[in-house]
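For reference, the structure discussed in these notes is given below.
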Amino acid sequence: MTDVILDQVEKRFGSFTAVHCLDLHIKSGEFVALLGPSGCGKTTTLRMLAGLEFPTSGDIRIGERTVNDVPPGKRDIAMVFQSYALYPHMTVEQNIAYPLKKRGVPLAERGAMVSKVAELLQLDELKDRKPKQLSGGQQQRVALGRALVRDPKVFLLDEPLSNLDAKLRAYMRAELIELHARLGRTMVYVTHDQLEAMTMADRIAIMNEGRLQQLGTPDEVYNCPANRFVAGFIGQPSMNIADGTLDETARFRAGSFEIGLDPERFDTRPGPVALGLRPEAISIGAGPIAARVRVVEPTGHENIIILETDGLGALTARTAVQVRPTVGETVQCGIDADALHLFDGADGRRRNRDDSMVTQTPVGERAKVKESQ
Amino acid sequence: MKMSRRILFNVIAWGLVLAVAFPLFWMIVTSLKPGFELFRRPPTMLPETVTFEHYWRLLSETPFLLYFRNSVILASATTVVVVGIGTLGAYSLVRFRYRGRESLAFLVLFTYLLPSVVLIIPLYLFMVKLGLSNTITSLVIAYTTFALPYALWLLRSFMAGIPEDLESAALVDGASRLGAFRDVILPQLLPGIISTALFTFILAWNEYLYALVLVNSDGARPLTTGVMTMLISAFNIEWSLLMAASVMMSVPLIIVFAFLQSYLTRGFGAGAVKG
């Protein structure tokens, strides 16, 4: 069992705190994506797992072992870097064999192991080339090969696809999903690309400003965002969020817009709140809201329409291809009342009452780990 | 217009080349002329009779070879010390985070603000105290003090160009810090090391002032001061021998240069484009 556990891990650089009190339990064999905007602490977290940075406080466990003081080479992990970090003076074969050499694997066995990986990644023909002579995609595969070759317990991937062009990236995404299924190893994948996180990961840990915002499956983070940040970050185009107030009768008001909220489904204490609406929850054609069409973006399989309304401000709607209003036209819009998200005006927390799925800060998990010790 | 401009540039460029090259040409020619042809008027551009007698005399009758040996030891030892300390120092300045790192790097350059003449006497007294006066070691130490700051900066810019990820990757792959340094950093740093080594070697090979003050016995004297004291006296300058000695002094440098020239020019461009 190689669970990866971060227990109240904190990392400070001087007076700057890169990671705040992070609790994360990655189960054995799981593919977890660390997702967030740049500077959110995701790469620092990964580097702490790798042993390239040391936590200021807290514990990191890989498998049964606390690895706080274990150097990177002894953690039984492999890492793929965003820049690939291939050794420029070594051939492809030497690059892939390097981790084996450093672990004292006899020369004879090394050759066979390298060949196996090279075959798996279709690098056979390129074994004698230097990294400079390879295309981006090939370099990427060599970096992957170097990680695969000694069959580590945990794979750490730091935005491995971000230097590839769009087509290759889609291809490698599929490759990585397959690879994970085949190897069944724990993988931690850092990315700022939500598409990568949503399509590849079993669970996504969304981070912002050094704090974990939500840990959940792609479904959970999309359908039940734990707070306003997650709601705005996940989804393309992103969720429409309008600020307003709730009155004593559980009615939400924003300018001239008004809607009653069901106290069964929402925490309707009065005060400032924000209402969230996914673009697909807005329908154009009939409904109570009058809106002016500002932009129409046809994508081929759907249309993205940006509307201007009185109370809710700018709204982005996603419609079927047939629905294609003209720019400047005023249309009537409807809202799917079942798809509303309510966020607190002060701390941004989710105020829907369906939150049994949401595992925001996994306090319970931490307690579990402590018990099992 | 464009044509005449190009011609003008060419004339100027070749004029400069000739101005620089002529003394070298004259040095070689003089070393090959027999004594009686030296002061002839008008001077002969090419020797009428070519002779190697000056070279022979230099090698057989004077301590030239001893000085030569001293210079080789001196320049090589200085190079090894400077490159060794410089590489590790540059690594520290680039990779480790500690208080005063940047100011330290700048402080090191301050040594160049002092005219070297000012430092000679203190350094001399220092060497006497250490019991090193009149030794090759004293010169190695002296040269290290003024080659090291430049070497440190040169290597630092090379080191900064090596992505940190490479080292991180080596660490994750199971290398120790020293192992990663040897396997990954050093091979990447090679051009920097070579140009630093060349710079240091040339500096140590050509240095005159410190050698004159710190060393005054034949056993430790390098070529520069050796040749001067041997061939130049108050009453006479042995021009032919002097020129022959100069040629033989230049030959090692020219050979080294010819092989490593591309590295040297790359070194001077380092830091201009980072990454």
Side-chain angles (χ1 to χ4, degrees), chain A residues 13-14 16 43 46-54 67 70-91 94-105 130-132 139 142-150 152 154-160 163, chain B residues 83 87 90-104 155 157-197 260 262-263 266-267 269-271 273-275:
Chain A
F13 296 104
F16 173 72
T43 294
L46 195 76
R47 289 177 62 87
M48 285 195 284
L49 284 178
L52 297 168
E53 301 281 357
F54 294 98
V67 293
V70 179
K74 299 215 156 49
R75 292 191 175 194
D76 207 359
I77 48 155
M79 185 159 169
V80 177
F81 293 81
Q82 184 177 5
S83 61
Y84 312 145
L86 301 178
Y87 311 125
H89 56 290
M90 299 185 196
T91 62
Q94 288 166 331
N95 261 287
I96 297 178
Y98 187 73
L100 301 175
K101 187 174 153 196
K102 284 287 125 180
R103 282 181 174 71
V105 176
K130 294 271 175 73
K132 237 192 339 217
Q139 292 183 355
V142 177
L144 212 54
R146 196 173 59 187
L148 286 173
V149 71
R150 65 191 167 77
V154 179
F155 286 92
L156 306 174
L157 303 111
D158 186 7
E159 310 212 13
N163 289 343
Chain B
V83 168
T87 308
Y91 179 79
S92 149
L93 284 176
V94 172
R95 283 288 184 270
F96 297 138
R97 302 269 170 274
Y98 46 86
R99 196 179 288 274
R101 190 171 53 101
E102 279 298 312
S103 21
L104 193 74
L155 285 167
S157 61
F158 270 99
M159 193 77 80
I162 302 173
E164 202 173 345
D165 274 357
L166 279 186
E167 203 184 342
S168 300
L171 291 177
V172 172
D173 283 344
S176 61
R177 207 168 246 286
L178 212 63
F181 183 74
R182 192 194 53 219
D183 294 348
V184 176
I185 302 290
L186 275 188
Q188 295 307 303
L189 201 61
L190 201 62
I193 288 178
I194 289 176
S195 49
T196 309
L260 301 176
S262 64
Y263 281 106
R266 213 186 304 173
V273 183
K274 217 174 147 184

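A, B, ... follow the sequence lines: proteins, then strands. Residue 1 opens every chain. These values consider heavy atoms only, across backbone and side chains, with no hydrogens, waters or symmetry-generated copies.
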#### Entry: Salt-bridge contact A/Lys102-B/Asp183 (side-chain N to carboxylate O under 4.0 Å)
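Judged by the 4.0 Å cut-off on N to carboxylate O distance, A/Lys102 and B/Asp183 do form a salt bridge.
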Can you tell which part of [X] gets under 4.5 Å to a heavy atom of chain B, answering side chain, backbone, both or neither?
{"X": "A/Leu52", "result": "side chain"}
{"X": "A/Arg75", "result": "neither"}
{"X": "A/Pro88", "result": "both"}
{"X": "A/Leu156", "result": "neither"}

### Message
I'd like to verify something: which residue of A/Arg103, A/Gln82, A/Met79 has the highest number of heavy-atom pairs under 4.5 Å with chain B?
### Response
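If we count pairs closer than 4.5 Å to chain B, A/Arg103 comes out on top.
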### Message
Distance check, rounded to the nearest 0.5 Å: B/Leu189 atom CG versus B/Ile194 atom CD1?
### Response
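One finds 10.0 Å between CG of B/Leu189 and CD1 of B/Ile194.
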### Task
Would you indicate whether the side-chain heavy atoms of B/Phe158 and B/Ile193 approach each other to under 4.5 Å?
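No, too far: nothing below the 4.5 Å cut-off.
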### Message
Contact between B/Glu167 and B/Tyr91 at the side-chain level, heavy atoms closer than 4.5 Å - yes or no?
### Response
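Yes, their side chains come closer than 4.5 Å.
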### Task
Report the relative orientation of the aromatic rings in A/Phe16 and A/Phe13; use parallel for angles under 30°, tilted for 30 to 60°, perpendicular for over 60°.
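The arrangement is parallel - the two ring planes meet at less than 30°.
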